[in-house]
S.K.: 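Next up is a structure, given as structure tokens.
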Amino acid sequence: MLDAALDAGSNQNPARLLRLRDVQDRVGLGRSTIYRWMDEGKFPRPHPISSHTIRWLGSDIDDWILAKLTPTV
């Protein structure tokens, strides 16, 4: 999945990997809320980069924000 997202973004902007604090700044949520919502399936999960490092794909966060802004019919 991560490879496909990286390949898809190669024609436009390169894929951006975000740290937790970057995600917090973008969505305006605290750490506890982000992790609670991930457990509840309400927020995108990060991708493991190494044994001790995780990052969120910027496009996952952008898609989540757009879904929140789009009115449901």
S.K.: Can you tell me how far apart NE2 (His47) and CG (Leu57) are? Round to the nearest 0.5 Å.
M.R.: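 So the NE2 of His47 and the CG of Leu57 are separated by 5.0 Å.
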S.K.: Considering all heavy atoms of both residues, which atom of Leu18 and which atom of Gly58 are nearest to each other, and what is their separation?
M.R.: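 Nearest heavy atoms, Leu18 then Gly58: CD1-CA, 3.8 Å.
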S.K.: Answer whether the closest heavy-atom distance between the side chains of Trp64 and Trp56 falls below 4.5 Å.
M.R.: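 Answer no - side chains too far apart.
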S.K.: Between Met38 and Val23, is there a shared hydrophobic cluster once you connect ILVMFWY residues whose side-chain heavy atoms come closer than 4.5 Å?
M.R.: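 Looking at the clustering, Val23 is in the same group as Met38.
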S.K.: If a pair satisfies side-chain hydrogen bond (donor to acceptor under 3.5 Å, both in side chains) and one of its residues is in residues 19-28, list it, with sequence neighbours excluded.
M.R.: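 Every side-chain hydrogen bond (donor to acceptor under 3.5 Å, both in side chains) pair that includes a residue of residues 19-28, provided the two are not neighbours, is Arg26-Asp62.
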S.K.: Do Trp37 and Leu69 share a hydrophobic cluster, counting only Ile, Leu, Val, Met, Phe, Trp and Tyr and linking them when any side-chain heavy atoms are less than 4.5 Å apart?
M.R.: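 Looking at the clustering, Leu69 is in the same group as Trp37.
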S.K.: Taking distance alone, no hydrogens or angles, what donor-acceptor pairs closer than 3.5 Å link side-chain atoms of residues 27-36 to residues at least two apart or in another chain?
M.R.:
none

S.K.: Under a single-linkage definition using a 4.5 Å side-chain heavy-atom cutoff for Ile, Leu, Val, Met, Phe, Trp and Tyr, are Ile54 and Ile49 assigned to the same hydrophobic cluster?
M.R.: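 Result: no, two separate clusters.
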S.K.: Shared ILVMFWY cluster between Ile65 and Leu17, side chains joined below 4.5 angstrom?
M.R.: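 Shared cluster, no.
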S.K.: Do Thr53 and Pro48 come within less than 4.5 Å of each other through their side chains, counting heavy atoms only?
M.R.: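 Counting from C-beta outward, Thr53 and Pro48 never come under 4.5 Å.
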S.K.: Show every salt bridge (Lys or Arg N to Asp or Glu O under 4.0 Å) that has at least one partner inside residues 44-58, sequence neighbours left out.
M.R.: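 For residues 44-58, and leaving out neighbouring residues, the salt bridge (Lys or Arg N to Asp or Glu O under 4.0 Å) pairs sorted by first residue read Asp39-Arg45.
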